[in-house]
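Predicted model only: the values in this text are computed from it and were never measured. Proteins come first, then strands; the chains are lettered A, B, ... in the order of their sequence lines, and each starts at number 1.
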Amino acid sequence: MINLPRGTQDILPGESEKWQFIEQKFIELCHTYNYKEVRTPIFEHTELFQRGVGDTTDIVQREMYTFEDRGGRSITLRPEGTASVTRAFVQHKLHGSANQPQKLFYIGPMFRYERPQQGRMRQFVQFGVEALGSSDPAIDAEVISLAMSFYRSLGLKSLRLVLNSLGDQESRQKHRTALINHFKPYQAELCSDCQLRLEQNPLRVLDCKKDRDHIAMQNAPKILDYLNEESAQYFEQVKQYLAVMGVDYVVDPNLVRGLDYYNHTAFEIMSDAEGFGAITTLTGGGRYNGLVEDLGGPSTPGIGFAFSAERLLMALAAEGIDLPIDQALDCYLIAIGKDAERKSVELTHQLRSEGVQADKDYLSRKMKGQLKAADRQKAKFVIILGDQELEQEAAIIKNMGTGAQEVVKFDQLIRYIKQSL
RNA sequence: GCGGUCGUGGUGAAGUGGUUAACACAUCGGAUUGUGGUUCCGACAUGCGUGGGUUCGAUCCCCAUCGACCGCCCCA
């Protein structure tokens, strides 16, 4: 037997309806906010992620599915969506479109080579939003509120929106220098990861779990203290707009996003639900004003977020929320005998042509077995055909909820069913 | 990349170095010659993740491998 590859999953009937539901909900909400769907390839040139996501990130250093295709090109299965969307934005010159900012969303699988565990798959589905072309803090707030609205609309309660600002280039640079100066004397005492981080991406030292209690952490330079006037004001306005919309948040000066391209607004949405396991982050997002330019486009601001469908479904389960999924079948046709079988094929087809959901037996079961099958399918109505009924040009229609049944002529049957549903 | 627990039928599971691998649910058949969700009876693993090894003999012991779950790192 061949099983599926590690870290992947099959989504079978019973579960797939939930996926359809959340996808549909997300598409509807994006429509309400006037975001349009963009579909990009599942694989890209490796260089896109090296430049877009950043060479120092874990994603690029150890998690990418990279291979050489038959033409000798280095190809990578996309580990996230922002780089691809931005690439498409630049390639198709969407910065020249009359519609600005470009408000885009996507749904699709992402790939990261990691040890699978709860809430972490090698192939997982991300829903994401990107708004390119505006540096109005109101759009930061809009993007954040879209994510929160989505979760709220599904009934999630145990949510925590965590907010921070990483500042602009100048602020980040000053903070970076301060961090290096601050930690340098302690470098030997820090964990091996942090020793490396100090060289490559000192911001992430703040995020370290191992060195959390080190004395140097207590009075480490906070990015919020290094924001220049403009960055500080920007952050203030984002917070004000969130307040205007009634979106609650907490500021966490140690919130650092893992990818290199972030600046200014950074946020995460976490779940506080019991039994959610070690993973608490549902959504990560932020502003990336330099990315479009890094990828060869004109200087263009951008902000976005992404969340995984798997973690969303986990959060729903953790809060005991059942999605409203209709499993019932409209009608099931039962035939006894060859002639009735032929008639049931015809009637099933007619019902379907009229848009009535219909199914029938294909295992030559006896009446009892066919009724059981109808019952298992949660059929609302059963249409029974036998020799007696054929003689009368009629069928028995049985309401499976009440058990009541009556004989209906063939030429009235479809109308009868449609009225009863 | 590191650590821990585990792997028996469609499902949940019991079990032992030695002839027929419990039990329950589900499924199928029958009691009920044309009526479901109840009841009763019957059927249902040449097989115990995979590959080696030890042994007269292994599902049970050993090794390897694959996989699952959980945690770390990191992240969605």
For this session: Could you pick out which residue, Arg112(A) or Ile384(A), lies toward the 5' side of RNA chain B when each is mapped onto its nearest nucleotide?
Result: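 Looking at the nearest nucleotide for each, Ile384(A) comes out on the 5' side.
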Exercise. Taking for each residue the nucleotide of RNA chain B with the nearest heavy atom, is it Lys366(A) or Arg376(A) whose nucleotide lies nearer the 5' end?
Worked result: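 The residue mapped nearer the 5' terminus is Arg376(A).
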Using a heavy-atom cut-off of under 4.0 Å over every strand shown, decide if [X] touches base, sugar-phosphate, or nothing.
X: Ala306(A); result: sugar-phosphate
X: Gln9(A); result: nothing
X: Gln405(A); result: base
X: Gln370(A); result: nothing
X: Gly369(A); result: nothing
X: Ile396(A); result: base

With the side chain of [X] defined as its heavy atoms from C-beta on, choose the nearest nucleotide among [options].
X: Tyr113(A); options: G34(B), C70(B), G1(B); value: G1(B)
X: Glu389(A); options: G34(B), G71(B), C75(B); value: G34(B)
X: Leu371(A); options: G36(B), G29(B), C70(B); value: G36(B)

[atom1]-based separation of [M] from [N] [nearest Å]:
N: C60(B); M: U16(B); atom1: P; result: 13 Å
N: A14(B); M: G7(B); atom1: C1'; result: 16 Å
N: U11(B); M: A26(B); atom1: P; result: 15 Å
N: U20(B); M: C44(B); atom1: C1'; result: 15 Å
N: U19(B); M: C25(B); atom1: P; result: 28 Å
N: G57(B); M: G18(B); atom1: P; result: 14 Å
N: G47(B); M: A58(B); atom1: C1'; result: 13 Å
N: C48(B); M: C72(B); atom1: P; result: 36 Å

For this session: Taking the six-membered ring for Trp and the single ring otherwise, decide whether the centroids of Phe111(A) and Phe124(A) are under 6.0 Å apart.
Result: no
For this session: Just say parallel, tilted or perpendicular for the rings of Phe150(A) and Phe307(A), cut-offs at 30° and 60°.
Result: parallel
Exercise. With under 30° as parallel and over 60° as perpendicular, where do the rings of Tyr261(A) and Tyr288(A) fit, or are they tilted in between?
Worked result: perpendicular
Problem set entry | Stacked pair Phe124(A)-A76(B), distance under 5.5 Å, angle under 30° |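 By the stated criterion, Phe124(A) and A76(B) stack.
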Quickly work out the [X] [atom1] to [N] [atom2] distance and round it to whole Å.
X: Leu313(A); N: A76(B); atom1: CG; atom2: C1'; result: 13 Å
X: Gln118(A); N: G71(B); atom1: CD; atom2: C1'; result: 11 Å
X: Ile383(A); N: U35(B); atom1: CD1; atom2: C1'; result: 15 Å
X: Asp339(A); N: G34(B); atom1: CG; atom2: C1'; result: 15 Å
X: Glu114(A); N: C72(B); atom1: CD; atom2: P; result: 13 Å
X: Arg311(A); N: C75(B); atom1: CZ; atom2: P; result: 11 Å
X: Arg62(A); N: C73(B); atom1: CZ; atom2: P; result: 11 Å
X: Glu63(A); N: A76(B); atom1: CD; atom2: C1'; result: 11 Å

Problem set entry | side chain to side chain contact (heavy atoms under 4.5 Å, CB included) between Asn263(A) and Asp168(A), intermediate numbers included | CA-CA 6 Å; Asn263(A) 48 45; Asp168(A) 59 12; 5.9 Å; no
Residues [X] and [Y] bridged, charged N to O under 4.0 Å:
X: Arg112(A); Y: Asp58(A); result: no
X: Arg120(A); Y: Glu114(A); result: yes
X: Lys343(A); Y: Glu389(A); result: no
X: Glu319(A); Y: Lys157(A); result: no
X: Arg51(A); Y: Asp294(A); result: no
X: Glu130(A); Y: Lys103(A); result: no

Problem set entry | For Asp359(A), the option from Leu351(A), Leu333(A), Thr348(A), Leu329(A) that meets side chain to side chain contact (heavy atoms under 4.5 Å, CB included) | Leu329(A)
Problem set entry | Of Val125(A), Leu323(A), Ile107(A), Ile27(A), the residue whose pairing with Ile22(A) passes side chain to side chain contact (heavy atoms under 4.5 Å, CB included) | Leu323(A)
Atom pairs, N/O to N/O, protein against nucleotides 37-40 of chain B, distance under 3.5 Å?
unit_1	atom_1	unit_2	atom_2	d
G37(B)	O4'	Asp375(A)	OD2	3.2

Nucleotide N/O to protein N/O under 3.5 Å, stretch nucleotides 3-6 of chain B:
unit_1	atom_1	unit_2	atom_2	d
G3(B)	O6	Arg115(A)	NH2	2.8

Exercise. With Watson-Crick and G-U wobble geometry limited to distances under 3.5 Å, how should the secondary structure of RNA chain B be encoded in dot-bracket form, using | for bases paired to another strand and [ ] for crossing pairs?
Worked result: (((((((..(((.....[....))).(((((.......))))).....(((((..]....))))))))))))....
Exercise. For the residue pair Leu163(A) and Leu255(A), what are the closest heavy atoms and their distance?
Worked result: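 What the structure gives for the nearest pair is C-CD2, 4.2 Å.
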Exercise. Pairs in or reaching into residues 322-341 of chain A: which pass ring-ring contact (aromatic ring centres under 6.0 Å, His included), with residues at least two apart or in two chains?
Worked result: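 Those involving residues 322-341 of chain A do not exist here.
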Exercise. If you look only at pairs with a residue in residues 33-63 of chain A, which of them pass as a ring-ring contact (aromatic ring centres under 6.0 Å, His included), with sequence neighbours excluded?
Worked result: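 Those involving residues 33-63 of chain A do not exist here.
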For this session: Using the side chain to side chain donor-acceptor pair (under 3.5 Å) rule, pick out the option among Arg78(A), Arg39(A), Glu44(A) that qualifies with Ser84(A).
Result: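 Testing Ser84(A) for a side chain to side chain donor-acceptor pair (under 3.5 Å) against Arg78(A), Arg39(A), Glu44(A) leaves exactly one candidate, Glu44(A).
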Exercise. Does a donor on one side chain sit under 3.5 Å from an acceptor on the other, for Ser74(A) and Glu68(A)?
Worked result: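 Checked: Ser74(A)/Glu68(A) side chains show no N/O donor-acceptor pair below 3.5 Å.
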Close N/O contacts between protein and nucleotides 66-68 of chain B (under 3.5 Å):
unit_1	atom_1	unit_2	atom_2	d
A68(B)	OP1	Gly7(A)	N	3.4
A68(B)	OP2	Arg6(A)	NE	2.7

For this session: Please determine if a side-chain N or O atom of Arg120(A) lies less than 4.0 Å away from the OP1 or OP2 oxygen of C70(B).
Result: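 No, because none of the side-chain N or O atoms of Arg120(A) sits under 4.0 Å from OP1 or OP2 of C70(B).
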